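Some notes on the structure that comes next.
Model, not experiment: these values are computed from the prediction. Quick note on labels: first sequence line is chain A, next is B, and so on, each numbered from 1.
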2 protein chains.
Amino acid sequence: MHDLDIHVCLVEDDETIREGYEYLIGNAEGYKITGSFASYEDAAKKIARCNPDVILLDVELPGISGIDAIPKLKKLVPDAHIIILTVYEQELMIFRALANGASGYLTKDTPPKKILASIKEAMEGGGPMSSHIARMVIQSFQRSEESPLTPRETEILEQIATGKSRKRIAEELFIDLETVKSHIKNIYSKLNVHSKADAIKLAKDNKFI
Amino acid sequence: MHDLDIHVCLVEDDETIREGYEYLIGNAEGYKITGSFASYEDAAKKIARCNPDVILLDVELPGISGIDAIPKLKKLVPDAHIIILTVYEQELMIFRALANGASGYLTKDTPPKKILASIKEAMEGGGPMSSHIARMVIQSFQRSEESPLTPRETEILEQIATGKSRKRIAEELFIDLETVKSHIKNIYSKLNVHSKADAIKLAKDNKFI
DNA sequence: ATTTATATCCCCCCAAACAAGGTATTTAAT
DNA sequence: ATTAAATACCTTGTTTGGGGGGATATAAAT
(Lines give C-alpha, C1' and ligand atoms only; values in the text may rest on other atoms or scores of the structure.)
Protein backbone atom coordinates (compact mmCIF):
# COMPACT_ATOMS: atom_id res chain seq x y z
CA MET A 1 0.00 0.00 0.00
CA HIS A 2 2.66 2.40 1.04
CA ASP A 3 4.46 2.08 -2.26
CA LEU A 4 1.42 3.18 -4.18
CA ASP A 5 1.32 6.44 -2.30
CA ILE A 6 2.70 9.48 -4.03
CA HIS A 7 5.98 10.39 -2.35
CA VAL A 8 6.13 14.08 -1.64
CA CYS A 9 9.06 16.14 -0.36
CA LEU A 10 8.91 19.68 0.94
CA VAL A 11 11.52 22.40 0.79
CA GLU A 12 10.24 25.40 2.70
CA ASP A 13 12.01 27.49 5.32
CA ASP A 14 8.99 28.75 7.23
CA GLU A 15 8.41 26.11 9.84
CA THR A 16 4.77 26.93 10.41
CA ILE A 17 3.94 26.71 6.76
CA ARG A 18 5.99 23.58 6.35
CA GLU A 19 4.19 21.89 9.19
CA GLY A 20 0.91 22.92 7.67
CA TYR A 21 1.75 21.17 4.43
CA GLU A 22 3.10 18.18 6.27
CA TYR A 23 -0.18 17.86 8.03
CA LEU A 24 -2.25 18.37 4.91
CA ILE A 25 -0.36 15.96 2.72
CA GLY A 26 0.57 13.45 5.35
CA ASN A 27 -3.04 12.89 6.26
CA ALA A 28 -4.37 12.71 2.74
CA GLU A 29 -5.21 9.35 1.27
CA GLY A 30 -2.67 8.29 -1.33
CA TYR A 31 0.02 10.77 -0.37
CA LYS A 32 3.06 10.37 1.86
CA ILE A 33 5.64 12.89 3.02
CA THR A 34 9.03 11.26 2.62
CA GLY A 35 11.13 14.31 3.33
CA SER A 36 10.82 17.81 4.67
CA PHE A 37 13.60 20.38 4.55
CA ALA A 38 14.19 24.00 5.41
CA SER A 39 16.71 24.75 2.67
CA TYR A 40 18.20 23.37 -0.50
CA GLU A 41 21.45 22.61 1.30
CA ASP A 42 19.53 20.53 3.79
CA ALA A 43 17.58 18.75 1.11
CA ALA A 44 20.58 18.05 -1.07
CA LYS A 45 22.08 15.63 1.41
CA LYS A 46 19.13 13.37 1.90
CA ILE A 47 16.50 13.94 -0.76
CA ALA A 48 17.76 11.25 -3.11
CA ARG A 49 16.96 8.65 -0.48
CA CYS A 50 13.44 9.99 -0.10
CA ASN A 51 12.52 8.92 -3.59
CA PRO A 52 10.17 11.81 -4.18
CA ASP A 53 7.65 11.73 -6.98
CA VAL A 54 6.89 15.38 -6.40
CA ILE A 55 8.83 18.13 -4.65
CA LEU A 56 7.05 21.21 -3.35
CA LEU A 57 9.58 24.00 -3.46
CA ASP A 58 9.51 27.47 -2.02
CA VAL A 59 11.35 30.22 -3.87
CA GLU A 60 12.62 32.34 -1.02
CA LEU A 61 15.00 30.09 0.84
CA PRO A 62 18.05 30.77 2.96
CA GLY A 63 21.18 30.06 0.93
CA ILE A 64 20.49 28.93 -2.60
CA SER A 65 17.18 30.26 -3.88
CA GLY A 66 14.41 27.93 -4.88
CA ILE A 67 14.76 28.97 -8.49
CA ASP A 68 18.43 28.06 -8.58
CA ALA A 69 17.73 24.90 -6.64
CA ILE A 70 15.48 23.52 -9.37
CA PRO A 71 18.20 22.31 -11.76
CA LYS A 72 20.23 20.97 -8.84
CA LEU A 73 17.30 19.03 -7.47
CA LYS A 74 16.55 17.74 -10.95
CA LYS A 75 20.02 16.35 -11.08
CA LEU A 76 19.68 14.67 -7.71
CA VAL A 77 16.26 13.20 -8.47
CA PRO A 78 15.70 13.37 -12.21
CA ASP A 79 12.29 11.74 -12.15
CA ALA A 80 10.79 14.01 -9.54
CA HIS A 81 8.33 16.69 -10.59
CA ILE A 82 8.97 20.03 -8.99
CA ILE A 83 6.12 22.33 -8.12
CA ILE A 84 6.93 25.84 -7.06
CA LEU A 85 4.83 27.03 -4.16
CA THR A 86 5.26 30.72 -3.44
CA VAL A 87 3.78 34.10 -2.78
CA TYR A 88 5.64 35.65 -5.69
CA GLU A 89 3.75 36.32 -8.86
CA GLN A 90 6.35 38.31 -10.77
CA GLU A 91 6.56 37.30 -14.38
CA LEU A 92 10.30 37.04 -14.28
CA MET A 93 10.23 34.68 -11.34
CA ILE A 94 7.65 32.48 -12.99
CA PHE A 95 9.43 32.23 -16.29
CA ARG A 96 12.78 31.56 -14.68
CA ALA A 97 11.24 28.80 -12.61
CA LEU A 98 9.66 27.18 -15.62
CA ALA A 99 12.80 27.59 -17.71
CA ASN A 100 14.78 25.92 -14.95
CA GLY A 101 12.59 22.85 -15.08
CA ALA A 102 9.64 23.31 -12.75
CA SER A 103 6.58 21.27 -13.68
CA GLY A 104 4.12 23.58 -12.01
CA TYR A 105 3.73 26.89 -10.21
CA LEU A 106 1.28 27.52 -7.40
CA THR A 107 0.72 30.57 -5.25
CA LYS A 108 0.45 30.10 -1.51
CA ASP A 109 -3.20 31.02 -1.42
CA THR A 110 -3.95 27.77 -3.22
CA PRO A 111 -6.64 25.84 -1.32
CA PRO A 112 -5.55 22.50 0.19
CA LYS A 113 -7.65 20.43 -2.19
CA LYS A 114 -6.10 22.10 -5.19
CA ILE A 115 -2.62 21.48 -3.80
CA LEU A 116 -3.31 17.79 -3.49
CA ALA A 117 -4.85 17.68 -6.94
CA SER A 118 -1.84 19.54 -8.33
CA ILE A 119 0.59 17.02 -6.86
CA LYS A 120 -1.26 14.22 -8.56
CA GLU A 121 -1.54 16.23 -11.74
CA ALA A 122 2.19 16.90 -11.86
CA MET A 123 2.90 13.23 -11.35
CA GLU A 124 0.65 12.32 -14.23
CA GLY A 125 2.43 14.64 -16.63
CA GLY A 126 0.29 17.72 -16.20
CA GLY A 127 1.37 21.26 -15.56
CA PRO A 128 -0.52 22.54 -12.53
CA MET A 129 -0.64 26.29 -12.22
CA SER A 130 -2.65 28.79 -10.26
CA SER A 131 -5.17 30.32 -12.59
CA HIS A 132 -3.59 33.74 -12.44
CA ILE A 133 -0.20 32.26 -13.24
CA ALA A 134 -1.66 30.31 -16.13
CA ARG A 135 -3.07 33.47 -17.60
CA MET A 136 0.27 35.22 -17.33
CA VAL A 137 1.93 32.32 -19.06
CA ILE A 138 -0.67 32.39 -21.81
CA GLN A 139 -0.33 36.13 -22.19
CA SER A 140 3.37 35.74 -22.76
CA PHE A 141 2.50 34.07 -26.05
CA GLN A 142 0.18 36.78 -27.25
CA ARG A 143 0.81 39.36 -29.89
CA SER A 144 -0.23 42.94 -29.81
CA GLU A 145 -3.18 43.77 -31.96
CA GLU A 146 -1.97 47.23 -32.74
CA SER A 147 1.25 46.51 -34.49
CA PRO A 148 2.10 49.22 -37.02
CA LEU A 149 3.63 46.51 -39.20
CA THR A 150 1.85 44.88 -42.08
CA PRO A 151 1.64 41.08 -42.12
CA ARG A 152 4.45 40.89 -44.63
CA GLU A 153 6.64 43.20 -42.64
CA THR A 154 5.97 41.19 -39.51
CA GLU A 155 6.88 38.03 -41.34
CA ILE A 156 10.13 39.50 -42.52
CA LEU A 157 11.05 40.87 -39.13
CA GLU A 158 10.43 37.43 -37.68
CA GLN A 159 12.80 35.95 -40.21
CA ILE A 160 15.40 38.56 -39.38
CA ALA A 161 15.00 37.66 -35.73
CA THR A 162 16.07 34.13 -36.56
CA GLY A 163 19.38 35.46 -37.80
CA LYS A 164 18.79 34.90 -41.47
CA SER A 165 20.39 37.23 -43.99
CA ARG A 166 18.29 39.33 -46.28
CA LYS A 167 19.39 37.25 -49.20
CA ARG A 168 18.27 34.06 -47.56
CA ILE A 169 14.97 35.57 -46.55
CA ALA A 170 14.42 36.67 -50.13
CA GLU A 171 15.08 33.16 -51.37
CA GLU A 172 12.81 31.52 -48.85
CA LEU A 173 9.95 33.92 -49.46
CA PHE A 174 10.45 33.78 -53.23
CA ILE A 175 10.87 37.50 -53.56
CA ASP A 176 13.68 39.71 -54.70
CA LEU A 177 16.44 40.81 -52.37
CA GLU A 178 15.51 44.38 -53.17
CA THR A 179 11.99 43.76 -51.96
CA VAL A 180 13.25 42.49 -48.68
CA LYS A 181 15.37 45.60 -48.36
CA SER A 182 12.38 47.77 -49.06
CA HIS A 183 10.38 46.05 -46.38
CA ILE A 184 13.20 46.46 -43.90
CA LYS A 185 13.47 50.14 -44.69
CA ASN A 186 9.78 50.51 -44.04
CA ILE A 187 10.00 48.51 -40.85
CA TYR A 188 12.82 50.69 -39.54
CA SER A 189 11.03 53.84 -40.43
CA LYS A 190 7.79 52.69 -38.80
CA LEU A 191 9.56 51.57 -35.66
CA ASN A 192 11.91 54.51 -35.69
CA VAL A 193 15.05 52.43 -35.39
CA HIS A 194 18.22 52.10 -37.40
CA SER A 195 19.34 48.56 -36.88
CA LYS A 196 18.24 44.95 -36.81
CA ALA A 197 18.88 44.64 -33.11
CA ASP A 198 16.81 47.68 -32.21
CA ALA A 199 13.98 46.61 -34.46
CA ILE A 200 13.92 43.13 -32.96
CA LYS A 201 14.06 44.44 -29.42
CA LEU A 202 11.34 46.98 -29.93
CA ALA A 203 9.14 44.50 -31.75
CA LYS A 204 9.59 41.88 -29.07
CA ASP A 205 9.02 44.30 -26.23
CA ASN A 206 5.78 45.40 -27.83
CA LYS A 207 4.86 41.89 -28.87
CA PHE A 208 4.72 42.78 -32.55
CA ILE A 209 6.59 39.55 -33.13
CA MET B 1 -30.83 37.24 -11.93
CA HIS B 2 -30.35 36.67 -15.62
CA ASP B 3 -27.81 39.42 -15.85
CA LEU B 4 -25.62 37.84 -13.24
CA ASP B 5 -25.32 34.69 -15.29
CA ILE B 6 -22.17 34.20 -17.30
CA HIS B 7 -23.04 34.65 -20.95
CA VAL B 8 -21.57 31.88 -23.04
CA CYS B 9 -21.48 31.53 -26.81
CA LEU B 10 -20.58 28.42 -28.76
CA VAL B 11 -18.92 28.12 -32.13
CA GLU B 12 -18.83 24.45 -33.09
CA ASP B 13 -19.81 22.81 -36.35
CA ASP B 14 -20.71 19.37 -35.05
CA GLU B 15 -24.36 19.65 -34.16
CA THR B 16 -24.35 16.77 -31.73
CA ILE B 17 -21.44 18.13 -29.78
CA ARG B 18 -22.85 21.62 -29.86
CA GLU B 19 -26.16 20.43 -28.49
CA GLY B 20 -24.34 18.58 -25.78
CA TYR B 21 -22.62 21.75 -24.65
CA GLU B 22 -25.83 23.72 -24.94
CA TYR B 23 -27.48 21.25 -22.64
CA LEU B 24 -24.60 21.19 -20.19
CA ILE B 25 -24.11 24.90 -19.93
CA GLY B 26 -27.71 25.93 -20.36
CA ASN B 27 -28.79 23.86 -17.40
CA ALA B 28 -25.98 24.85 -15.11
CA GLU B 29 -26.64 27.36 -12.38
CA GLY B 30 -25.09 30.72 -13.16
CA TYR B 31 -24.49 30.09 -16.86
CA LYS B 32 -26.55 31.06 -19.86
CA ILE B 33 -26.09 30.25 -23.53
CA THR B 34 -26.68 33.47 -25.45
CA GLY B 35 -25.56 32.26 -28.84
CA SER B 36 -24.70 29.06 -30.65
CA PHE B 37 -23.14 28.95 -34.10
CA ALA B 38 -21.84 26.39 -36.55
CA SER B 39 -19.16 28.55 -38.12
CA TYR B 40 -17.30 31.81 -37.69
CA GLU B 41 -19.18 33.34 -40.58
CA ASP B 42 -22.42 32.52 -38.81
CA ALA B 43 -21.22 33.89 -35.53
CA ALA B 44 -19.79 37.08 -36.99
CA LYS B 45 -23.22 38.42 -37.89
CA LYS B 46 -24.87 38.07 -34.53
CA ILE B 47 -22.38 37.43 -31.80
CA ALA B 48 -21.93 41.07 -30.83
CA ARG B 49 -25.56 41.19 -29.79
CA CYS B 50 -25.14 38.08 -27.65
CA ASN B 51 -22.84 39.92 -25.27
CA PRO B 52 -20.74 36.89 -24.50
CA ASP B 53 -18.46 36.80 -21.50
CA VAL B 54 -16.90 33.62 -22.76
CA ILE B 55 -16.80 32.02 -26.19
CA LEU B 56 -16.15 28.31 -26.58
CA LEU B 57 -14.50 27.89 -29.94
CA ASP B 58 -13.74 24.80 -31.95
CA VAL B 59 -10.67 24.83 -34.17
CA GLU B 60 -11.85 22.79 -37.11
CA LEU B 61 -14.65 24.79 -38.61
CA PRO B 62 -16.03 25.07 -42.13
CA GLY B 63 -14.75 28.27 -43.73
CA ILE B 64 -12.44 30.27 -41.52
CA SER B 65 -10.64 28.09 -39.00
CA GLY B 66 -11.10 28.58 -35.31
CA ILE B 67 -7.53 29.74 -34.95
CA ASP B 68 -7.97 32.47 -37.53
CA ALA B 69 -11.35 33.33 -36.09
CA ILE B 70 -9.86 34.28 -32.72
CA PRO B 71 -8.57 37.75 -33.64
CA LYS B 72 -11.73 38.48 -35.61
CA LEU B 73 -13.96 37.50 -32.72
CA LYS B 74 -11.79 39.57 -30.39
CA LYS B 75 -12.46 42.53 -32.59
CA LEU B 76 -16.20 41.94 -32.58
CA VAL B 77 -16.39 41.36 -28.82
CA PRO B 78 -13.20 42.66 -27.25
CA ASP B 79 -14.17 41.81 -23.69
CA ALA B 80 -15.06 38.19 -24.33
CA HIS B 81 -12.70 35.47 -23.24
CA ILE B 82 -12.14 32.81 -25.83
CA ILE B 83 -11.58 29.22 -24.83
CA ILE B 84 -10.47 26.78 -27.47
CA LEU B 85 -12.21 23.44 -27.23
CA THR B 86 -10.75 20.85 -29.53
CA VAL B 87 -9.39 17.38 -30.09
CA TYR B 88 -6.11 18.73 -31.43
CA GLU B 89 -3.11 18.66 -29.17
CA GLN B 90 -0.41 19.64 -31.64
CA GLU B 91 2.03 22.12 -30.21
CA LEU B 92 1.79 24.36 -33.22
CA MET B 93 -1.97 24.57 -32.98
CA ILE B 94 -1.84 25.39 -29.30
CA PHE B 95 0.76 28.10 -29.62
CA ARG B 96 -0.95 29.69 -32.57
CA ALA B 97 -4.21 29.75 -30.67
CA LEU B 98 -2.63 31.38 -27.66
CA ALA B 99 -0.67 33.82 -29.80
CA ASN B 100 -3.91 34.81 -31.51
CA GLY B 101 -5.50 35.72 -28.22
CA ALA B 102 -7.18 32.67 -26.74
CA SER B 103 -7.55 32.77 -22.96
CA GLY B 104 -7.64 29.02 -22.54
CA TYR B 105 -7.28 25.72 -24.33
CA LEU B 106 -9.24 22.61 -23.49
CA THR B 107 -9.33 19.22 -25.13
CA LYS B 108 -12.68 17.66 -25.86
CA ASP B 109 -12.25 14.91 -23.31
CA THR B 110 -12.58 17.54 -20.60
CA PRO B 111 -15.24 16.47 -18.08
CA PRO B 112 -18.34 18.67 -17.91
CA LYS B 113 -17.56 19.98 -14.45
CA LYS B 114 -14.13 21.12 -15.55
CA ILE B 115 -15.63 22.86 -18.57
CA LEU B 116 -17.98 24.86 -16.39
CA ALA B 117 -15.16 25.66 -13.98
CA SER B 118 -12.97 26.73 -16.89
CA ILE B 119 -15.59 29.14 -18.18
CA LYS B 120 -15.75 30.80 -14.81
CA GLU B 121 -11.99 30.75 -14.51
CA ALA B 122 -11.53 32.44 -17.87
CA MET B 123 -14.02 35.11 -16.91
CA GLU B 124 -12.13 35.81 -13.72
CA GLY B 125 -8.86 36.34 -15.50
CA GLY B 126 -7.49 32.82 -15.32
CA GLY B 127 -6.01 30.71 -18.06
CA PRO B 128 -7.80 27.37 -18.05
CA MET B 129 -5.95 24.59 -19.79
CA SER B 130 -6.17 20.83 -19.93
CA SER B 131 -3.37 19.45 -17.83
CA HIS B 132 -1.58 17.94 -20.77
CA ILE B 133 -1.73 21.22 -22.63
CA ALA B 134 -0.44 23.07 -19.59
CA ARG B 135 2.56 20.81 -19.44
CA MET B 136 3.31 21.38 -23.10
CA VAL B 137 3.12 25.09 -22.54
CA ILE B 138 5.44 24.85 -19.58
CA GLN B 139 7.85 22.67 -21.48
CA SER B 140 8.10 25.28 -24.17
CA PHE B 141 9.92 27.44 -21.63
CA GLN B 142 12.44 24.84 -20.65
CA ARG B 143 16.04 24.56 -21.62
CA SER B 144 17.91 21.40 -22.43
CA GLU B 145 20.25 20.23 -19.72
CA GLU B 146 22.71 18.77 -22.12
CA SER B 147 23.79 21.76 -24.06
CA PRO B 148 27.34 21.44 -25.34
CA LEU B 149 27.72 25.16 -24.86
CA THR B 150 29.35 26.75 -21.85
CA PRO B 151 27.36 29.38 -19.94
CA ARG B 152 29.33 32.14 -21.59
CA GLU B 153 28.81 30.71 -25.03
CA THR B 154 25.12 30.35 -24.35
CA GLU B 155 24.97 33.94 -23.22
CA ILE B 156 26.67 35.13 -26.35
CA LEU B 157 24.49 33.05 -28.63
CA GLU B 158 21.47 34.51 -26.92
CA GLN B 159 22.75 37.98 -27.64
CA ILE B 160 23.36 37.07 -31.25
CA ALA B 161 19.81 35.80 -31.43
CA THR B 162 18.59 39.26 -30.52
CA GLY B 163 20.23 40.61 -33.65
CA LYS B 164 23.08 42.41 -31.97
CA SER B 165 26.37 42.74 -33.77
CA ARG B 166 29.51 41.22 -32.34
CA LYS B 167 30.83 44.66 -31.60
CA ARG B 168 27.79 45.60 -29.61
CA ILE B 169 27.84 42.33 -27.71
CA ALA B 170 31.46 42.96 -26.82
CA GLU B 171 30.62 46.39 -25.49
CA GLU B 172 27.70 45.20 -23.45
CA LEU B 173 29.58 42.30 -21.92
CA PHE B 174 32.66 44.42 -21.34
CA ILE B 175 34.91 42.11 -23.25
CA ASP B 176 36.96 42.51 -26.38
CA LEU B 177 35.49 42.05 -29.82
CA GLU B 178 38.08 39.37 -30.39
CA THR B 179 36.84 37.45 -27.41
CA VAL B 180 33.35 37.47 -28.79
CA LYS B 181 34.68 36.20 -32.08
CA SER B 182 36.51 33.40 -30.33
CA HIS B 183 33.39 32.34 -28.55
CA ILE B 184 31.45 32.39 -31.77
CA LYS B 185 34.06 30.27 -33.47
CA ASN B 186 33.80 27.77 -30.65
CA ILE B 187 30.03 27.83 -30.77
CA TYR B 188 30.02 27.15 -34.49
CA SER B 189 32.49 24.35 -34.17
CA LYS B 190 30.58 22.75 -31.30
CA LEU B 191 27.29 23.02 -33.12
CA ASN B 192 28.80 22.14 -36.44
CA VAL B 193 27.38 25.11 -38.25
CA HIS B 194 28.82 27.94 -40.28
CA SER B 195 26.44 30.82 -39.80
CA LYS B 196 24.47 32.78 -37.26
CA ALA B 197 21.18 31.63 -38.65
CA ASP B 198 22.07 27.97 -38.47
CA ALA B 199 23.50 28.30 -34.98
CA ILE B 200 20.38 30.08 -33.75
CA LYS B 201 18.07 27.58 -35.38
CA LEU B 202 19.92 24.58 -34.07
CA ALA B 203 20.21 26.04 -30.59
CA LYS B 204 16.53 26.92 -30.49
CA ASP B 205 15.42 23.58 -31.84
CA ASN B 206 17.44 21.84 -29.16
CA LYS B 207 16.49 24.35 -26.52
CA PHE B 208 20.08 25.34 -25.83
CA ILE B 209 18.82 28.90 -25.81
C1' DA C 1 51.63 17.61 -10.78
C1' DT C 2 49.55 17.77 -15.01
C1' DT C 3 46.05 17.71 -18.09
C1' DT C 4 41.54 19.90 -19.57
C1' DA C 5 38.11 23.36 -20.05
C1' DT C 6 36.86 27.99 -19.98
C1' DA C 7 37.36 32.56 -20.84
C1' DT C 8 40.01 35.95 -22.45
C1' DC C 9 42.73 38.60 -26.23
C1' DC C 10 45.41 39.33 -30.80
C1' DC C 11 46.49 39.28 -35.98
C1' DC C 12 45.24 38.58 -40.85
C1' DC C 13 41.87 38.53 -45.01
C1' DC C 14 37.86 39.60 -48.10
C1' DA C 15 33.34 38.78 -49.58
C1' DA C 16 28.98 39.64 -47.99
C1' DA C 17 25.68 42.03 -45.52
C1' DC C 18 23.80 46.22 -43.89
C1' DA C 19 21.72 51.03 -43.73
C1' DA C 20 19.98 55.10 -46.08
C1' DG C 21 18.83 57.87 -49.93
C1' DG C 22 15.91 57.64 -53.73
C1' DT C 23 11.98 56.04 -57.45
C1' DA C 24 8.35 53.14 -59.49
C1' DT C 25 4.80 49.41 -60.62
C1' DT C 26 0.98 46.34 -59.58
C1' DT C 27 -2.68 44.77 -56.97
C1' DA C 28 -6.35 45.03 -53.62
C1' DA C 29 -9.24 47.37 -50.76
C1' DT C 30 -12.27 51.58 -49.59
C1' DA D 1 -10.46 57.74 -57.23
C1' DT D 2 -7.45 57.20 -53.58
C1' DT D 3 -4.83 54.69 -50.39
C1' DA D 4 -2.13 50.96 -48.58
C1' DA D 5 0.58 46.95 -49.39
C1' DA D 6 3.77 44.35 -51.71
C1' DT D 7 6.77 44.26 -55.17
C1' DA D 8 11.26 45.69 -57.71
C1' DC D 9 15.28 48.71 -59.04
C1' DC D 10 19.52 51.96 -58.32
C1' DT D 11 23.43 54.16 -55.80
C1' DT D 12 26.57 55.01 -52.11
C1' DG D 13 29.21 54.05 -48.28
C1' DT D 14 30.18 51.50 -43.93
C1' DT D 15 30.07 47.50 -41.05
C1' DT D 16 29.83 42.81 -40.20
C1' DG D 17 30.63 38.03 -40.79
C1' DG D 18 33.14 33.90 -41.27
C1' DG D 19 37.56 31.55 -41.72
C1' DG D 20 42.38 31.10 -40.74
C1' DG D 21 46.19 31.27 -37.59
C1' DG D 22 47.51 31.90 -32.85
C1' DA D 23 48.39 33.14 -27.28
C1' DT D 24 47.53 33.43 -22.22
C1' DA D 25 45.49 33.13 -17.44
C1' DT D 26 42.70 30.70 -14.42
C1' DA D 27 40.23 27.24 -12.46
C1' DA D 28 38.79 22.57 -12.10
C1' DA D 29 39.62 17.93 -12.50
C1' DT D 30 42.68 13.81 -12.43
Any ion pair linking [Y] and [X] (charged N to carboxylate O, less than 4.0 Å)?
X: Glu121(A); Y: Lys114(B); result: no
X: Asp58(A); Y: Arg18(A); result: no
X: Lys164(A); Y: Glu172(A); result: yes
X: Asp68(B); Y: Arg96(B); result: yes

Stepwise side chain to side chain contact (heavy atoms under 4.5 Å, CB included) check, Ile160(B) with Ile169(B): CA-CA 8 Å; Ile160(B) 291 176; Ile169(B) 294 169; 3.6 Å; yes
Is there a donor-acceptor pair closer than 3.5 Å between any side-chain N or O of [X] and the backbone N or O of [Y]?
X: Asp5(B); Y: His7(B); value: no
X: Glu60(B); Y: Gly66(B); value: no
X: Lys46(B); Y: Ser36(B); value: no
X: Ser39(A); Y: Asp42(A); value: yes

Without decimals, in angstroms, what is the distance between [X] [atom1] and [N] [atom2]?
X: Asn192(A); N: dA19(C); atom1: CG; atom2: P; answer: 15 Å
X: Arg168(B); N: dC18(C); atom1: CZ; atom2: P; answer: 15 Å
X: Ile184(B); N: dT8(C); atom1: CD1; atom2: P; answer: 13 Å
X: Phe174(B); N: dA7(C); atom1: CZ; atom2: P; answer: 18 Å
X: Ile169(B); N: dT8(C); atom1: CD1; atom2: P; answer: 13 Å

Could you go through nucleotides 20-28 of chain C and list every protein N or O atom that sits under 3.5 Å from one of its N or O atoms, giving the distance for each pair?
from, atom 1, to, atom 2, distance (Å)
dA20(C), OP1, His194(A), ND1, 2.6
dG21(C), O6, Lys185(A), NZ, 2.4
dG22(C), N7, Lys185(A), NZ, 3.4
dG22(C), O6, Lys185(A), NZ, 2.5

From Leu92(B), Thr86(B), Asn100(B), residue fulfilling side chain to side chain contact (heavy atoms under 4.5 Å, CB included) relative to Ile67(B): Asn100(B)
Nucleotide range of DNA chain D lying under 4.0 Å from chain B heavy atoms: dT16(D) to dG22(D)
Stepwise side chain to side chain contact (heavy atoms under 4.5 Å, CB included) check, Ile55(B) with Ile47(B): CA-CA 10 Å; Ile55(B) 301 169; Ile47(B) 200 163; 3.8 Å; yes
Residues 148-155 of chain A, side-chain donor-acceptor partners within the protein, below 3.5 Å, at least two apart:
from, atom 1, to, atom 2, distance (Å)
Thr150(A), OG1, Glu153(A), N, 3.2
Thr150(A), OG1, Glu153(A), OE1, 3.4
Arg152(A), NH1, Glu155(A), OE1, 2.9
Glu153(A), OE1, Thr150(A), N, 2.9
Glu153(A), OE1, Lys190(A), NZ, 2.8
Glu153(A), OE2, Lys190(A), NZ, 3.3
Thr154(A), OG1, Thr150(A), O, 2.9

Lys196(B) vs Asn186(B), nearer the 5' end of DNA chain C by closest nucleotide: Asn186(B)
Overall bend - the helix from dA1(C)-dT30(D) to dA29(C)-dT2(D), comparing terminal axes fitted on five pairs, nearest 10 degrees: 70°
Close residues, residues 144-165 of chain B, relative to DNA chain C [heavy-atom separation under 4.0 Å]: Thr150(B), Pro151(B), Arg152(B)
Compile the donor-acceptor pairs under 3.5 Å between side chains in residues 195-202 of chain B and protein atoms, sequence neighbours left out, one pair per line.
from, atom 1, to, atom 2, distance (Å)
Ser195(B), OG, Asp198(B), N, 3.2
Ser195(B), OG, Asp198(B), OD2, 3.3
Asp198(B), OD1, Arg168(A), NH1, 3.3
Lys201(B), NZ, Asp205(B), OD2, 2.8

Residue-phosphate contact under 4.0 Å: Thr179(B) side-chain N/O, dA7(C) OP1/OP2: no
